[in-house]
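Below: one structure, written as structure tokens.
Labels below follow one simple rule: chain letters A, B, ... track the order of the sequence lines, proteins then strands, and each chain is numbered from 1.
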Amino acid sequence: MARGIGGIAAIFLEEHAVLEAARKTKSEGFTKFDAISPYPIHGMEEACDIKRSWIPYVTFVTGTIGLVSGLLLTWWTSAVSWPINVGGKPFFSLPAFIPIIFELTILFAALSSVGALFYACGLPKIDPPVIDPDLTSHKFAIFVPENDTGYDVAKLERMFKDLGAVEVKKVAEY
Amino acid sequence: MSDTHSHHDHDHDEQELAAKKAARPKIEHDNKFWLSLDQYQQNPEFKKLAETEFLSSPLKEEDDSANEGWARREFLKLMGASLAMATAGCIRRPVEKIIPYNKQPEEVVLGVPNFYTTTYFDGSEAIGVLVKTREGRPLKIEGNPSHPISQGGTTARAQASLLGLYDPDRLRAPKKNLFNEKRSNKDGIGISWDDMDKNISEQLKKGAVVVLTGALTSPATRSVVSEFGQAFGAEHVAWEPFTHEEIREGQKSCYGDDLVPGYRFDRAQMIVSLDADFLGAWLTPATFTKQFSKTRKDLGKMSRLVMFDSSYSLTGANADIRVRIKPSQQLDVAMGLAHEIVVNKGRSSYAGNSNAKSVLSAFAGTAKKLGIEEELFKRIADDLWENKGQSLVVAGGLQTLTADAVELQIAVNFLNSILENDGKTVEGRSGNSSLKSSNKELLALIKNMEQGKVKTLIIHRTNPMYALSSSAGFAEAIKKVEMVITTSERDDEVAQAAHYVAPDNHPMETWSDAEVTAGVFGLQQPTIRPMYDTRSFQLSLMTWAFLANKGPKRLLAYETFFDYLKNYWKEEIHPKQGRGQSFDDFWNQALQEGFVGESVNSSARSFRAEALNQVKKSKDKTGYELVLYPTIQLGDGSNNNIAWLHELPDPVTKVCWDNYVCVSLATSQKLKIKNGSVVQLTVNNKKIDLPVHIQPGLHDEVLAVAIGYGRTHVGRVGNGVGQNSYELASVSNGNLVYSGQETQVTVLNKTYKLAQTQEHHSMEGRQIVVEATLKDYEKKKEHIIHRHPIWSIWSGHAYNGNKWAMAVDLNSCTGCSACVVACQAENNIPVVGKKYVMQGREMHWIRIDRYYTGTPENPSAVFQPLMCQHCDNAPCETVCPVLATVHTDDGLNAMVYNRCVGTRYCSNNCPYKVRRFNWFNYVKKIEKPLHLALNPEVTVRMRGVMEKCTFCVQRIKEAKNEARIDSRPLKDGDIKTACQTACPAEAIVFGDMNDSESRVSKMFKHERSYALLEEWNAAPSVRYLAKIRNNGKESASSDPESKGGHS
Amino acid sequence: MIKRNQLIIGNKSFKDITDDICAPVERFPSKGWVGLFLGAKTLLIFYIFVLGMVLANGMGLLGVNHPVAWGTMIITFVFWIGIGHAGTLISAILFLFRQKWRTSVARTAEAMTVFAVMTAGLFPLLHTGRPWLDFWLFPYPNQRGPLWVNFRSPLLWDVFAVSTYATVSMVFWYIGLVPDFATIKDRAKNKVRRMVYGALSLGWKGTARNWSHYEMLYLLLAGLSAPLVLSVHTIVSFDFSVAGLPGWHTTIFPPYFVAGAIFSGFAMVITLMTLVRIGFPQFKDYITIDHMEVMNKIIMTTGMMVGYAYASEFFVAWYSGNPYERYAFLNRAGVPGTSGDYAWSYWIMVTCNVIIPQLFWFKWARRNIPTMFIVSIFVNIGMWFERFVITVTSLHNDFLPSNWGNYAWSFWDGAVLFGSFGMFLTLFLLYLRLVPAISIAEIKPVLDVGKDKKGGH
Amino acid sequence: MPIKTLNIFELKTKPQHEITGHRMQHRHDVRNFGGMVFIILFAAFSVLTTGCKFQPGWGYNKGYSPEQPIPFDHSIHVSKHNIQCQYCHNQVERSTHSNIPALSTCMNCHMQVKTDSPHIQKLRDAYDKGASVEWVKVHMLPDFVRFNHAAHLKKGVNCQTCHGAIETMSRVTQNADLSMGWCINCHRQPENNAPLNCTTCHY
């Protein structure tokens, strides 16, 4: 996502207030704005019109890869690379390999999903700009970047004040 | 880098060697004669090894503790290839030096073993053996299959004698003891052979010399001793604990010949043994087991063994009918049987003999009196008569050395004569006349010593200071002797009292011969250059005579005993046995085969009726009676410093590392004692404290104690293990009494834990050892075994080519445990010691399980050798995470030590629990030069790896390669596992299951054969043949149907 | 969701919550904490020494022998792995069931999981004969042919299961921590803390877009962990049930072990929570008696499941008609005619796991801190003995009576067992000190503060 | 039992360089720190695996060619004078070990041949003293591996297969790495129908 973009940010104290604000901002036709909150707010996705996360697709695909690679690993090593008679069992004793395959599936899926989150949220960041330290504790904010269509400081400031923002400040970069 | 390293280390080594060389005394070995050894002396790396390995005293281990682990491991592999270690520093590139021979000894092929025939003599039995050597290093003892008497059989002790050769506690040089005048204190110093010989020869000139030896079975040695006697007017007294004097006296008074007759169990259909433990530790067990087992293979004419047992002996355990008695009843039983036959049934030529009748009449109604089932007693008597001519009654051993030991022998001889066994199953002519040791003579000698009539006493291979009860007064008497010389190979009890210790060679280092039985002579040839500065007993006598310049020419003529021996054979043996061969051929053949001659046939001898009059009915005793018995492990205790034997559990009690007093269940309840509670035995004022072992099947008035323990000066292994029960023997009218003495028991408020390798004795009704009576078997045939329907969802792997398998005939196995020691010797199996045996960490790859069946009052025992079963569906393999144990395409369950990480899961999942884990780095504990006994063909395991029976895979490989090199197919019998070769009963058969003609596949098809835990479908490659008991009953004490062994 | 008391009492504002939860991290540690920590650390050092000795001298130091080749180390391994499970259960499965009450205990339960698994993971590695070769258990290309590993061996399944479980639960835990780390960073007064927690928070900003991805991932991880946690103890149970030993070779092990694991895990949570409530009184408002009661209910339920398993084992043994099986179980209970050497351990197990938890039928017991603490301790003991019973009594008397023998318990066995607690407690106490013990970001939505009536449910 | 440390080498030595290399490129790039971690891990893994796959030399002594006390020259003896291997290594067909010839064997010829050379004199002195020559061992298998010369010869494997073109070597050099994989590769070939059992070499 954008880095080093300036813009305007409004701080709220109430969850429903910031929800309101988000809805309003959206209806005003802003698209690039974002809401910041100490915890996930129920209904904020619609409010900011954020699409459903695409991480599950990653999980599914990598999970499948894990499954297949588990199958290949067990099959190739025990039946192809060096088949050995172990306890009179078949070289490819599938039932005995299932646990391995399962674990690899989970491992691949879980780790790559996390990787996906890192990518999606551009993590990790060293020392990102902070609008207000309390935003991770008990305050909420709406941030509108200056490159957003119809960006107008005065208009926005007025709008947020009306929505009950305790503070509206210009942000050099966020 | 590494090179400079190596050089440095190398120089360092050189210095060490130089130092050692300097420290090493000059040796004159009497080994000029042995070609190969002779050449070894010229080849440097062997010298080098000799110095580094052979002479490093265990006391200065730290010399090279730096590269200990490496040095030893490398040694195994590299000495095998005759490569000397130069250094063993960095792991990545250990720079090693290869030092070739200077001249190639023609019979040495590096890494290919040579076998030498020789004879092992333990005081009673001379066994023909082969010694496997590699590059001049004896590694293993095998029976000599072509030997006419022992026929390839060995005993646990014979197998273990190898370790005695490398015993670190052997004396490395002659020794002199300085005594204070009261001889109460001494100070040992080293002395050179020359000085010692000078002093001794001076002393000998004073005369009044006595040579006290153990039984001398070697004719040449006997002749040296007698000629030495002529030289100094020396008297020769032979004594050792097992004199077999009672037998000889019995024979003398009954038939007039002073010898131990030859017993032929292979010809006997009905055997009655009165406390003669002929399968265990009496007389010649290897030979007897061989003979006995022959009569058990063909169930059509299977022999019957009846044992009247006052201890629970191995023979008792194998008996078809075992009757528990106490020593004072032995005579009653023998005469009772005679009475039954002669008087009650009026059978035999003596039926009309009034004198005999009157003697016998005193023993009427024995069975009732002794509380023996009368029916049974009658039947035994009848069986004896019905099998007359092929029945055999024997008695003997310490258990029978009661006050009336000789009467017992007379009674036994009488029985054998009336049953017309004499000349058939008892051979007067082919007996062993060389077992001449005598208690009486010893006691007489002691008198002379006390009266100062003995100036010089030379003691060889006998140990009255330990094995003779102190009441005989030897310890006091010996102080009255001016000079005592002993040839003990170690600083033992006798050496403590001797002025000079002239250490003898180990039998494997020296030449000798043996009279196995009348007419059969064995040769004993050295298989290694004497390791230390020692000298053979015979050469010592010859040297002393030579220095004193006395005695017959022959004695003085030769420089070495070998020359003497060879000449003796030329003059004495060759004429009789030569059969017209030239002496050289004769000699070479004797060396080749290890023996000459054959046992002579005997005919019936006439029984001197008057002998019977000596037999008096002694009054019945009540109260506890002592029984002293030898164990199969330690015998008389002379080889008490061999750890293998201490670790070997007693086949019946399963206890190791101790002796103890066996009491019956009832007695233990009466005395309120448990296993391990300590009691004090008092036998005419001699007291001894012993832990209790509750032994089912003992007579309630018997206290049985093993001899051979409690040595004080045998070495670090044997010292202080157990109690010396020889002390309990007592002197009565000029003879020694061991058993049957009245004994008081006081329960002490102490306990002492015994190390027992098997603590549960019942089969819990499971089908483990299948046992049936002969009658039962004839009726049910294969149905004595409960078979399980088995099916599998998967076909399994095919085994083309070989499929190795093993069959064990439980009907032949006597539990003698020779296989256990043989396996230990072959496979470098560590000894863990009492503490860890108690924690269940013994390492034996093959163990012998013993179960009791029947009532706890008088149970019968069954034995089951258990080794890795090499299952086709091996449970251990499936669970090993690193593929350290997998299956080979010839059906072996491979154990790959260097892949094993030691999860021990395999052991858990093994239903037979035959896998052993190296809990500690046992191999590090092996003390030089014991490591020379390690078999270079078998990997030495480090700590943290699992190990188990491999079916002697190294032997399989060896045989296969030999076959390949001679481009011939491998044939059945080419491969013999260590346990198989050791087994005197031929109970173990190994071979290829895919070869339908092989012995093993035939045994697999036998109707008595079954797989252990068959229903578990591990599909073992080992099968057992059911045990058959010929006790004339309908159903065995353990009937498979009656035990819920099905599922 | 049934009507229940408020999850968090003393109606807090967001600010209060943040302050309360961050307090232990920001404030100087209390005497109690320091005392406990020093104790735990000493035990840990002792533990390290003990393991060093075992490593240097070999497994022989412990009581393992022939026939009982597995002992304290494996028993304790299963014990700790079991403990771990409650954590994942609470954080993952209860999350999927939308059990809001989990939020106050989830964080700590997960921490417990991570540390328990770490403690457990050490044992299988160290109990081998040659631990320095343990890397052979991983299938990596090598110069031996290449020679691979035996994927049929339950121990290898363990390697995969346990390592996967450790990794995933650690990641899960950490992901949960990220926003809270951000909170601490933003509150940080001094530079170092700011930097450290800044790094840990990965620069989390908490924008709506991030949150939507974040919640999705959390859901996914929960979804993945749920089957994972079940598979792990199932596979641990395979270590026994795949072997053929009477007493091991039984199909009920997987559910039986999982139930047992949850049982012991919750007991441990109770133990720790009571301690946390004592150590950090301000948490009493978040970890309320209600929370405790719910968990006690679960303890009683799972306890009865375990009891049922014990009973059915006997039934199956009898019903199978397999004499070995029958003997094994009669022997456990010490029925006359068997050796019954370990009957005592069996009855300790039954008492602690089945009988004592019945106390929780009574509400007062469920809601009384000292009572539940004592019960939880008993359950912990009982569950260790359950593993002891399974491992030792099955091994000590198996097929051939000639093999029968007992475990040679030694000083080192005890040392290893107790030392492992040193490791666990040290880690746990450090966690309480350095990491917000309750998920700040998760607990806030649970409040109704600042929601208009439409919002939330 | 010596631990085959080679695999530890695989783990330790090689990956180091790779990792540092990557770090150099990525230090300043803060944006995808995560990516960096991934790349490093991947690099480490790939090096670990491919490393031992394609560089079988590690920890083995392929090419080891120590200086010998006497610079014995196989090329002269074998190629020039056509002396059969088995003339000196005369037990190789009977034993698992191929013996280094006894000095007497050398002296068979060198009583007459090249007696003036200082090396031969050195040899002669040793021989007369009844001493020997300390050759440096070149081909060394790890412990607990058993290799049977006789068996392989009988099967028709010639010396060169393992020892390389020994007949051309003026100083003996280790030709193959003698790793287990190397043995197995040959035993695997169906045409050799050689056993692949563990017990073939380990017992």
**Atom group of A:Ile50 that falls short of 4.5 Å from chain C, counting heavy atoms** = side chain

**Item:** Contact summary for A:Pro40 and C:Ala441, nearest pair of heavy atoms
**Value:** CD-O, 4.2 Å

**Request:** Please determine, among A:Asp134, A:Val130, A:Leu73, the option with the most heavy-atom pairs under 4.5 Å with chain C.
**Result:** A:Leu73

**Prompt:** What part of C:Leu147 lies closer than 4.5 angstrom to a heavy atom of chain A: side chain, backbone, both or neither?
**Reply:** both

**Message:** Evaluate C:Ser231 against A:Glu103 for side-chain contact (heavy atoms from CB on, under 4.5 Å), listing each step before the verdict.
**Reply:** CA-CA 8 Å; C:Ser231 79; A:Glu103 298 300 332; 2.8 Å; yes

**Fill in**
Rounded to the nearest 0.5 angstrom, the CD1-CG distance for A:Ile36 and C:Asn210 is 9.5 Å

**Request:** List the atom of C:Thr18, the atom of A:Ser137, and the distance in Å for their closest heavy-atom pair.
**Result:** OG1-OG, 3.0 Å

**Where C:Leu224 and A:Ile106 come nearest, the two heavy atoms and their spacing** = O-CD1, 3.8 Å

**Asked** If you count heavy-atom pairs under 4.5 Å between each of C:Ser153, C:Ala161, C:Pro139, C:Cys22 and chain A, which one has the most?
**Response** C:Ala161

**Asked** Cut-off 3.5 Å, side chains only: do C:Trp148 and A:Ser78 have a donor facing an acceptor?
**Response** no

**Message:** Once rounded to the nearest 0.5 Å, what's the spacing between atom CD of C:Glu215 and atom CE of A:Met44?
**Reply:** 11.5 Å

**Item:** Nearest heavy atoms of A:Tyr39 and C:Pro445, plus distance in Å
**Value:** CD1-CG, 3.6 Å

**Asked** Side-chain contact, heavy-atom cut-off 4.5 Å: A:Ile55 with C:His213?
**Response** yes

**Complete:** From the list C:Lys15, C:Arg187, C:Lys185, the residue making the most non-hydrogen contacts under 4.5 Å with chain A is C:Lys15

**Request:** Dump the intermediate steps for side-chain contact (heavy atoms from CB on, under 4.5 Å) on A:Phe140 and C:Phe14, then the final yes or no.
**Result:** CA-CA 11 Å; A:Phe140 309 83; C:Phe14 290 147; 3.9 Å; yes

**Over all atoms of both residues, closest heavy-atom pair of C:Gly203 and A:Leu123** = O-CD2, 4.0 Å

**Request:** Find out whether A:Trp82 and C:Pro146 are in side-chain contact, i.e. whether some heavy atom of one side chain is under 4.5 Å from a heavy atom of the other.
**Result:** no

**Trace of the ring pair (Phe, Tyr, Trp, His ring centres under 6.0 Å) decision for C:Phe160 with A:Phe102** = CA-CA 10 Å; C:Phe160 279 75; A:Phe102 175 80; over 10 Å; no

**Message:** Can you tell me which portion of A:Thr59 sits under 4.5 Å from chain C's heavy atoms? Options are side chain, backbone, both or neither.
**Reply:** side chain

**Asked** Side chain, backbone, both or neither: which part of C:Leu221 has a heavy atom under 4.5 Å from chain A?
**Response** side chain

**Item:** A:Leu135 backbone acceptor or donor facing C:Asp186 side chain under 3.5 Å
**Value:** no

**Prompt:** Between A:Phe97 and C:Arg152, is a side-chain contact (heavy atoms from CB on, under 4.5 Å) present by the stated rule, with each step listed?
**Reply:** CA-CA 7 Å; A:Phe97 298 158; C:Arg152 296 168 194 82; 4.1 Å; yes

**Fill in**
Honestly, the part of C:Pro154 sitting under 4.5 Å from a heavy atom of chain A is neither

**Message:** Between A:Val114 and chain C, with a heavy-atom cut-off of 4.5 Å, which part of the residue counts as in contact: side chain, backbone, both or neither?
**Reply:** both

**Request:** Answer yes or no: is there a side-chain heavy-atom contact under 4.5 Å between C:Met216 and A:Arg52?
**Result:** yes

**Message:** Between C:Thr167 and chain A, with a heavy-atom cut-off of 4.5 Å, which part of the residue counts as in contact: side chain, backbone, both or neither?
**Reply:** side chain

**C:Arg209 side chain vs A:Cys48 backbone, donor-acceptor pair below 3.5 Å** = no

**Request:** Select, from A:Ser93, A:Pro99, A:Pro95, the one with the greatest count of heavy-atom pairs under 4.5 Å involving chain C.
**Result:** A:Pro99

**Item:** Expected output: side-chain C:Thr183 to main-chain A:Thr136 donor-acceptor under 3.5 Å
**Value:** yes

**Item:** Most contacts with chain A, counted as non-hydrogen pairs under 4.5 angstrom, among C:Ala182, C:Gly198, C:Ser201
**Value:** C:Ala182

**Test log, rule side-chain contact (heavy atoms from CB on, under 4.5 Å), inputs C:Phe151 and A:Thr77** = CA-CA 9 Å; C:Phe151 286 112; A:Thr77 54; 3.1 Å; yes

**Prompt:** For A:Phe60, does the CZ atom have more than 12 heavy-atom neighbours from other residues, nucleotides or ligands under 6.0 Å away?
**Reply:** no

**Request:** Name the member of A:Gly87, A:Gly43, A:Ser113, A:Pro38 that forms the most heavy-atom pairs with chain C at distances under 4.5 Å.
**Result:** A:Pro38

**Message:** For A:Cys121, is there any backbone N or O sitting under 3.5 Å from a side-chain donor or acceptor partner on C:Lys205?
**Reply:** no

**Prompt:** Under 3.5 Å, side chain of C:Trp157 to main-chain N/O of A:Ile100, donor-acceptor pair present?
**Reply:** no

**Item:** chain C contact via A:Leu117 - side chain, backbone, both or neither, heavy atoms under 4.5 Å
**Value:** side chain

